[in-house]
Amino acid sequence: MKKTVYHSKSIRNRILIFTLSAILGMCLLISLFSYYIFRHYLQNTLIQSTETSLRLLSESMDNSIDEVYRLVRYCQTDSNIANYIEHNPNPGSVLSVSTYDSFYEECSRNSSYNYMPRIAIVSQEHYLQVVTATYSSTADLATLIPELPYYEELLTADDYDFSPGIVSDPFHRAGRKVLPVIRPITYQYNNRQAGYLFIEISADLFTIPLKDYSCPSDSFLYLSIAGHTYIYENGGLQEFTPEYSILDDLSTYSLTGTTQISKIHSATMGEQILVTTPLNMPDCYLSQSISHAERTNQAVLFMGILACILIGILSIGVVLMLLMNRMITVPVSRLQTRMVRIAGGDFSRDPSVEWDHELGDIGRGINDLSENVSELMEKRLEDEKQKQDLEYKMLQSQINPHFLYNTLDAIAWMCEDGKNEDAEEMVTALARLFRISISKGHELIPIEKEVEHAKSYLKIENYRYKNKFTYSFEVEESCLSYLCNKITLQPIIENAIYHGVKQMIDEGEIWIRIFEDGEDIIFQVEDNGIGMTEEQCREILHKEPGDRTGIGIKNVNDRIKIYFGSNYGLNITSELDEGTCVTIRMPKVREEEYEKK
């Protein structure tokens, strides 16, 4: 019978692998999609956040610059200043003093006054000056200003011109950093230039707001003024020449249309995103590079959030796998166990596999099938038992006539020989022999009765073959209460006489031994007769019914095997001219066990 093999590639493993693969695949897709979305979101957020902050900073600077512009407009349109320019009065005159007073008052009211260390109105020969800083050299301002290299360019420009950039104050001993402004002042009644306005804008207008501006340590602020680029470092503006290449234009991320956003690469700073917003000054811009540390921190925060999400998904996946295991693989495993039990011979109904779902239908089908198989097995066993009983009765019917023929033949021989007393004893022994043989219809009788039966038979045969053989019994007392098949020893003894010692010239000997061997009982019938070959020994146990030689031995062997199984029966060992030993093995059967059966 082919043994059922249960493979390791079970449906449970496949479900677990499939579910785990699906969860891991989902996590991978979510990770990739989230990374792609977050990368753009983080970049967009940082750009817009930087742009908003930079716009607030630039508005603060623009407000201060607007105040400068307002003062310039005042000086260009005030009638007192125009009158002063037109008449060019000497210093200390009433017109000079009154004009200076109104001019100073207007300057002091200006909110950017502190960012303008020098404000001067210059006529043809004289000037009015408001100075907010000490240590200023103003020996001959009207003569020195026109000598400045940028004087003519700034004076004649159509609009404000900041092309000189931030320069050292030529009239200050410490050479403070200022942004010069020169604008013409015309006559009241025509557009001809009569004088000019000279203003020095302190670099503090830019550095003070920058100082208050919160900026990460790895983010840099740049100020571009008419082609001059300055980097804000250590509280001041340091001019430098930027050397970078533009990798990509990211202006589409801008909240307004005026902000320029670029991805750049430089040898010193590496790759950066630069946000640039214009100032309310011609060709002037304020720029900031986005912090790498902030991008990294945001990325770490995102990775932490993503890790929590993935852990949550994996946790949900594990819960789903456990639920699937409980709902599917556990019932399947129990069905598999049920099939193993059925394969092992347990056909009893198992209500625990009859669930209220589809797998329960399979369980009910398996139970119904096992019950049907059990009924068929019981019917087959009953048929087999009936067959064995029939075979046993046929074997018995063969033994009794055969023995009776031999015995009656011996009695007839005694009567013919005139040995009536011996014949009478033989008839008495025969009657006792048949009384034990009948045994009230029982197949198994106590070994004690079987020994008595064998002795009666030997007594009968001894009458017939006087002085031909002797016999002896060696029986362990503990064996007498066990049961054995009736008429077991007699056919063996008969063959020992007829085919062993009968043909000897000398006197033969027969030994009958009965002893225990573990849970079995051993019967031995040994003679010192002519013996047999190994082939003859094998043939005796396979005689056909038509061959009378050895038929008793074969019937005994068949009866034992039918009743107790193939592990029990006869074994014959023999040597020519030495003798033969027949060993019979039976299990220990007690009378109470036989009655229960």
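Each residue takes its place number in the sequence, starting with 1.
- In this structure, N110 contributes its side chain and V68 its backbone to no donor-acceptor pair below 3.5 Å.
- Looking at S53, its side chain never comes within 3.5 Å of a backbone N or O of T50 through a donor-acceptor pair.
- Under the side-chain contact (heavy atoms from CB on, under 4.5 Å) criterion, L314 pairs with I23, L24, C27, not counting sequence neighbours.
- Between E106 and R70, at least one side-chain N (NZ, or NE/NH1/NH2) sits under 4.0 Å from a carboxylate O, which counts as a salt bridge.
- At distances below 3.5 Å, at least one donor-acceptor pair connects side-chain atoms of S58 with backbone N or O atoms of R55.
- Legend: residues meeting salt bridge (Lys or Arg N to Asp or Glu O under 4.0 Å) with D204, ordered by chain and number and at least two apart, are absent.
- Using the six-membered ring where Trp is involved, Y100 and Y104 have ring planes that are parallel, under 30° apart on the 30 and 60° scheme.
- In this structure a side-chain-to-backbone donor-acceptor pair under 3.5 Å is present from E51 to T256.
- For Y244, the OH atom counts as loosely surrounded, since its 6.0 Å shell holds 12 or fewer non-hydrogen atoms of other residues, nucleotides or ligands.
- Residues passing the side-chain contact (heavy atoms from CB on, under 4.5 Å) test with D101, sequence neighbours excluded: V97.
- Using modelled atom types, no side-chain atom of T207 and backbone atom of G235 make a donor-acceptor pair closer than 3.5 Å.
- Ring geometry for F240 versus Y222: interplanar angle of 30 to 60°, hence tilted.
- Side-chain N or O atoms of S112 include one that pairs as donor or acceptor with a backbone N or O of S64 at under 3.5 Å.
- At distances below 3.5 Å, not a single donor-acceptor pair connects side-chain atoms of R118 with backbone N or O atoms of I201.
- Ring pair Y69/Y160: centre-to-centre distance below 6.0 Å.
- Within a 6.0 Å radius of CG in D356, no more than 12 heavy atoms belonging to other residues, nucleotides or ligands are found.
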May I have the list of side-chain donor-acceptor pairs in residues 81-94 shorter than 3.5 Å, sequence neighbours left out?
| unit_1 | atom_1 | unit_2 | atom_2 | d |
| --- | --- | --- | --- | --- |
| N83 | OD1 | H87 | ND1 | 2.7 |
| H87 | ND1 | N83 | O | 2.9 |
| N88 | OD1 | S123 | OG | 2.6 |
| N90 | OD1 | H126 | NE2 | 3.3 |
| S93 | OG | N90 | O | 2.8 |
| S93 | OG | S96 | N | 3.3 |
| S93 | OG | S96 | OG | 2.9 |

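- One finds a salt bridge joining E105 and R109 here, because a Lys/Arg side-chain nitrogen approaches an Asp/Glu carboxylate oxygen to under 4.0 Å.
- D368 pairs by the salt bridge (Lys or Arg N to Asp or Glu O under 4.0 Å) definition with R349, not counting sequence neighbours.
- A donor atom on one side chain and an acceptor atom on the other are found under 3.5 Å apart for Y213 and Q288.
- In this structure, S168 contributes its side chain and K177 its backbone to no donor-acceptor pair below 3.5 Å.
- Contacts of S60 classified as side chain to side chain donor-acceptor pair (under 3.5 Å), with partners at least two apart in sequence or in another chain: none.
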